[in-house]
Amino acid sequence: MKMIIGKLAGSHGLTLASLVCLFLAANLQASEYKSLTQKADEAREESKQVEQAQLKKAKEAANETEGREKKIYKKMLDNDWESEQKAKAQQQFNERESREDKYLREAKEAAAKERKIPKP
């Protein structure tokens, strides 16, 4: 190769050597440009993949949140039923208590009345 470059350099001088250098420099720039383009394409692809992964995680998180909300809502409904049952029990207790009070009052009134014992 040195022999070929030497013969070419000797016959045409610097012109051929400068053409070879220009060719190598242009080839180097083209390969760098391709690699930068490839890097940009890879970066875009990676960005899309990351975005897809983030969207997937966000959807999963939303589904988990929805599941938790449903559980909490169900508990709230259960608590409503429970509170209704407590209210009914309290109402029944109050009714029993008022009946007892009524019977007690009637018994006191009956005891306070004068009784007439019929004569035989």
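Since the model is a prediction, treat every value here as computed from it, not as a measurement.
Salt bridge absent: Glu100 and Arg96 never bring a charged side-chain N and a carboxylate O closer than 4.0 Å.
Under the rule for a side-chain hydrogen bond (donor to acceptor under 3.5 Å, both in side chains), the partners of Asp41 that lie at least two apart in sequence or sit in another chain are Arg44. By the side chain to side chain contact (heavy atoms under 4.5 Å, CB included) test, Thr65 pairs with Arg68, Glu69, sequence neighbours left out.
Within the 4.5 Å cutoff, the side chain of Asn94 has heavy atoms near those of the Glu97 side chain. In this structure the side chain of Glu82 reaches within 4.5 angstrom of the side chain of Lys86, judged on heavy atoms.
A distance of 11.5 Å separates CG of Leu55 from NZ of Lys57, quoted to the nearest 0.5 Å. The distance from atom OG of Ser83 to atom CD of Gln90, rounded to the nearest 0.5 Å, is 13.0 Å.
Within a 6.0 Å radius of CD in Glu109, more than 12 heavy atoms belonging to other residues, nucleotides or ligands are found.
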Between Gln49 and Glu45, is a side-chain contact (heavy atoms from CB on, under 4.5 Å) present by the stated rule, with each step listed? CA-CA 6 Å; Gln49 290 174 355; Glu45 186 64 32; 3.8 Å; yes
Worked check of salt bridge (charged side-chain N to carboxylate O under 4.0 Å, His left out) between Glu66 and Lys70: CA-CA 6 Å; Glu66 186 177 352; Lys70 285 181 180 179; 3.7 Å; yes
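Partner of Lys56 under the side-chain contact (heavy atoms from CB on, under 4.5 Å) criterion, out of Glu60, Gln54, Lys59, Gln52: Glu60 alone.
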